[in-house]
Amino acid sequence: MKKQIERAGELRDSLQYHNYRYYVLDDPEIPDAEYDRLFNELKALEEEFPQLVTPDSPTQRVGGRALEHFNEVEHRVPMLSLDNIFNEDGLADFERRLKERLNSAGTISFTAEPKLDGLALSLRYEKGVLAQAATRGDGRVGEDVTVNVRTIRSVPLRLSGNFPEVLEVRGEVIMTRDGFAELNRKAVEEGTKSFANPRNAAAGSLRQLDSKVTATRPLSFYAYGFGEVSGELPQTHFEMMQTLRDYGIPVSPELRLVEGANGCLSVYQDIAEKRDQLNYDIDGVVYKVNSLALQKQLGFVSRAPRWAIAHKFPAQEELTRVEAIEFQVGRTGAVTPVARLQPVEVAGVTVSNATLHNMDEIERKDVRVGDTVVIRRAGDVIPEVVNVVTALRPVDTNPVNLPQHCPVCGADVLRVEGEAVARCSGGLYCEAQRKEAIKHYASRRAMDIEGLGDKLVEQLVDAELIHDVADLYSLEADQVAGLERMGEKSAANLLAAIDASKQTELPRFLFALGIREVGEATARNLALHFGGDLQAIEKAPEDALQEVQDVGPIVASHVVSFFQQSHNIEVIDKLLCAGIEWPSIEKPAAEEQKLSGTSFVLTGTLSKPRDEFKTRLQQLGAKVSGSVSKKTDYLVAGDAAGSKLTKAEALGIRVLNEQQLEELIENAIE
Ligand code: IVH
């Protein structure tokens with residue numbers, strides 16, 4: 001028993017500490033999944049030995065206490081929490097328990113909607129006017145954040161329609177991913193503290209004592225329920241949410257009405273698939289019994305309603321240990337620190353490396369070898385280190401230093417004052433940079449050499465069969481066939497693909513050369529401006545280059561310095577001798593560019609690759625960009641269009657489907 005008493009005490013202390021970090025400081029040290037594990041361990045321990053339960057145990061209350069700086073607000077109807085389930089079994093149990101309690105075998109109707117990863121807010125409207133906004137606090141007493149909430153644009157200050165005398169709306173304050181990225185970008189630029197994730201940023205912003213600061217933060221609000229309401233209520237939760245919408249209150253567009261656990265599950269799968277495309281973080285799907293009468297009948301258990309449950313997604317954050325910090329050299333010589341990790345499964349994938357971006361980032365997060373760190377893997381994004389759990393740092397660690405010499409070629413590593421990136425000065429003498437340059441040259445959007453993947457490039461360079469991209473064109477079949485995992489057939493295929501790449505287009509070729517800051521769009525503009533004449537580009541001075549669309553002084557200087565290096569000219573000459581050629585480009589006459597001056601954004605799944613539409617639009621003079629703004633003229637929305645569509649609609653931008661786009665292009669060509 002002594003052991004259990006001790007463990008319960010430990011868990012309580014630890015939970016209290018992490019609660020404080022999370023609720024009071026808005027700066028959690030461990031991922032939610034780890035907190036849940038500690039919490040569940042304590043809960044299980046207390047269930048087994050009820051005599052261990054103390055009144056101050058974290059299991060006996062909902063969350064943190066209200067901060068002193070804001071006035072306290074007592075919630076007339078307590079703000080509840082939700083129980084969690086993690087799989088289909090949990091969902092089946094939930095449905096079974098409901099049926100038992102309701103003593104009915106019939107199918108239950110549920111609402112299903114995303115569980116937003118923000119913070120709970122209660123809005124009180126009196127006579128249709130926003131009278132008070134309060135955070136959840138401990139569920140019974142929260143903080144009065146009215147002045148701050150008034151700055152959130154999606155929260156109406158006045159209701160519309162036939163609203164009741166008193167209406168308390170419950171919902172979640174969130175920060176969009178775009179808004180969060182922009183906020184952190186600015187923080188880095190200004191050298192101020194950045195936030196770990198959108199939820200912390202939303203919480204920090206809402207609890208700003210200076211509401212002018214809050215006003216600059218991109219916060220949003222979605223309602224998911226209600227507290228005190230005067231007068232008659234509709235019969236169902238779904239109708240109530242529709243009613244709130246009618247009053248002008250934002251409700252998640254993903255709210256669905258479904259039948260039984262199966263209906264819930266299909267929404268779960270739907271939303272899980274959409275998750276990465278949403279512009280805000282969600283961590284699961286919430287199911288609620290639709291009938292308000294049944295909700296009332298089911299009631300509550302201590303902190304959560306019996307009629308609702310959160311079906312959580314697998315955690316995207318986990319804890320692991322940093323085994324080493326190594327430095328990788330990229331195509332442009334950028335030296336990037338990478339954390340080698342004790343392998344850990346994050347949301348179903350084993351992660352053993354995480355990027356640390358650059359030295360500023362390492363210094364800011366103070367990541368050291370031996371540290372226990374929080375790893376996040378979201379969508380297709382490269383796993384990253386979110387923060388260090390300083391409490392678990394071993395005694396004898398050292399801060400990480402930037403190596404003075406390139407780990408690959410030994411050349412000096414240089415860091416330009418004021419720039420975050422450090423670079424190997426070895427240029428194309430550095431094997432790492434050469435390999436990356438060749439990989440880039442062969443890649444799909446560049447010369448598109450089928451079968452020449454990263455591994456094969458490494459093999460070819462390691463075997464000293466090639467030193468630069470031009471050497472590709474003098475490779476011989478028997479040399480290639482001799483490489484590991486290659487045979488005569490695959491060697492012949494590779495040589496055929498290399499040969500086929502000789503017939504190309506100048507924009508591809510320019511892009512493939514890997515000139516700094518020259519992406520596909522710039523390469524296209526350059527090629528077009530100089531009518532397909534590579535020599536003219538090679539010889540163009542900076543001022544002439546700056547006449548090219550979207551080319552400023554920085555890009556121009558990179559282009560000039562690229563062509564000033566004799567090594568680059570030699571490689572280009574070798575490539576041309578090998579037979580690389582492209583059709584001449586006639587600069588389309590202005591009158592042919594029917595779409596010049598118009599700006600498009602493409603989103604969602606279209607019947608053909610987006611690039612194809614992009615090229616066609618660009619040929620007509622249109623600009624195609626990646627994000628929606630006030631300057632966007634048209635949004636082309638394919639299937640499963642996500643946040644860009646929502647944004648375009650909000651900005652009143654014209655939305656086209658694929659058919660309409662085809663028609664528009666047709667008309668422009670005629
Ligand atoms: S319903 C009476 N619906 O999750 C039921 N909560 O873990 C109260 N949350 O405090 C909650 N999205 O801050 C509900 N669609 C949603 C939600 C949601 C996010 C948050 C909310 C709550 C916490 C409970």
Side-chain angles (χ1 to χ4, degrees), residues 19 22-23 26 28 32-33 35-36 39-40 58 61-64 75-86 90 94 110-123 133-143 145 149 168-175 197-200 202-203 206-207 219-229 233 237-238 240-241 244-245 249-258 264 267-268 271 275 278 280-292 294-296 298-313 315:
N19 247 339
Y22 187 101
Y23 285 108
D26 283 329
D32 293 2
Y35 182 92
D36 287 348
F39 188 91
N40 288 336
R61 63 183 174 104
V62 189
H75 298 299
R76 279 160 246 229
V77 178
M79 290 184 76
L80 299 164
S81 181
L82 289 170
D83 279 336
N84 296 325
I85 54 173
F86 298 94
F94 174 61
F110 294 97
T111 59
E113 76 207 270
K115 185 169 192 295
L116 304 171
D117 204 2
L119 68 158
L121 188 70
S122 182
L123 303 172
T135 62
R136 187 172 80 173
D138 63 6
R140 198 182 54 79
V141 178
E143 302 152 12
V145 287
V149 169
E168 269 181 23
V169 180
R170 302 274 162 88
E172 199 85 348
V173 174
I174 54 167
M175 187 176 286
N197 56 47
R199 190 201 44 219
N200 290 350
L206 192 67
R207 290 155 123 191
L219 296 175
S220 328
F221 174 82
Y222 280 122
Y224 54 64
F226 54 93
E228 188 187 348
V229 184
L233 285 179
H237 181 75
F238 196 72
M240 186 64 191
M241 292 298 107
L244 292 183
R245 268 194 196 126
I249 293 160
V251 172
S252 169
E254 312 292 335
L255 178 69
R256 302 277 180 276
L257 185 57
V258 296
C264 292
V267 176
Y268 177 85
I271 294 181
R275 184 179 187 188
L278 296 174
Y280 46 84
D281 285 357
I282 62 175
D283 57 356
V285 178
V286 181
Y287 312 130
K288 293 169 191 163
V289 170
N290 190 33
S291 155
L292 295 185
L294 292 184
Q295 284 189 4
K296 201 163 171 204
L298 287 159
F300 308 91
V301 255
S302 67
R303 62 183 196 120
R306 285 201 188 86
W307 44 264
I309 202 111
H311 188 168
K312 299 285 280 275
F313 293 133

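Since the model is a prediction, treat every value here as computed from it, not as a measurement. Heavy atoms only: backbone and side chains are in, while hydrogens, waters and symmetry mates are out. In each ligand, atom 1 is the first atom listed, and ligand 1 is the first ligand listed.
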Original post:
Of all the heavy atoms in Ala310, does at least one lie under 4.0 Å from an atom in ligand 1?
Top reply: no
**OP:** For Trp307, take its heavy atoms, then give the atoms of ligand 1 lying under 4.0 Å from any of them.
**Re:** 2 (C)
Original post:
For atom 20 (C) of ligand 1, what's the nearest protein heavy atom and its distance?
Top reply: Glu172 OE1, 3.4 Å
Original post:
Between Lys115, Arg199, Lys312, which is the residue that forms a salt bridge (charged side-chain N to carboxylate O under 4.0 Å, His left out) with Asp32?
Top reply: Arg199
Original post:
atom 17 (C) of ligand 1: which of Tyr287, Phe226, Tyr224 has the nearest heavy atom?
Top reply: Tyr224
**OP:** Could you walk me through whether Arg275 and Ile282 pass the side chain to side chain contact (heavy atoms under 4.5 Å, CB included) test, one step at a time?
**Re:** CA-CA 7 Å; Arg275 184 179 187 188; Ile282 62 175; 4.0 Å; yes
**OP:** Specify the closest pair of heavy atoms between His75 and Thr135, including all atoms of both residues, with the distance to one decimal.
**Re:** NE2-O, 3.0 Å
Original post:
Nearest protein heavy-atom contact for atom 10 (O) of ligand 1: which residue, which atom, what distance?
Top reply: Arg136 NH1, 2.9 Å
Subject >> Met79 heavy atom under 4.0 Å from ligand 1 >> reply: no
Subject >> Best match, Glu113, Lys288, His237, Lys115: closest heavy atom to atom 3 (N) of ligand 1 >> reply: Lys288
Subject >> Proximal atoms of ligand 1 relative to Pro305 (non-hydrogen, under 4.0 Å) >> reply: 2 (C), 5 (C)
**OP:** Please assess Tyr280 against Leu116 for the test side chain to side chain contact (heavy atoms under 4.5 Å, CB included), listing each intermediate value before the final yes or no.
**Re:** CA-CA 8 Å; Tyr280 46 84; Leu116 304 171; 3.4 Å; yes
Original post:
Nearest protein heavy atom to atom 12 (N) of ligand 1, by residue and atom, and its distance?
Top reply: Leu116 N, 3.0 Å
Original post:
With a 4.0 Å heavy-atom cut-off (strictly under), which part of Pro114 contacts ligand 1: side chain, backbone, both or neither?
Top reply: backbone
Original post:
Does Lys288 use its side chain to pair, donor to acceptor, with the backbone of Tyr224 at less than 3.5 Å?
Top reply: yes
Subject >> Option nearest atom 24 (C) of ligand 1 (shortest heavy-atom distance, choices Asn84, Val77, Leu82) >> reply: Leu82
Original post:
Is the closest heavy atom of Gly171 to ligand 1 under 4.0 Å?
Top reply: no
**OP:** Run the numbers on Val149 and Phe221 for side chain to side chain contact (heavy atoms under 4.5 Å, CB included), then give the verdict.
**Re:** CA-CA 9 Å; Val149 169; Phe221 174 82; over 6 Å; no
Original post:
Heavy atoms, side chains only, cut-off 4.5 Å: are Leu206 and Leu121 in contact?
Top reply: yes
Original post:
How are the rings of Tyr268 and Phe313 set relative to one another: parallel (under 30°), tilted (30 to 60°) or perpendicular (over 60°)?
Top reply: tilted
**OP:** Considering non-hydrogen atoms only, spot the tightest contact between Ile174 and Gly118 and give its length.
**Re:** CG2-CA, 3.9 Å
Original post:
Got the closest protein heavy atom to atom 8 (C) of ligand 1, with its distance?
Top reply: Leu80 O, 3.9 Å
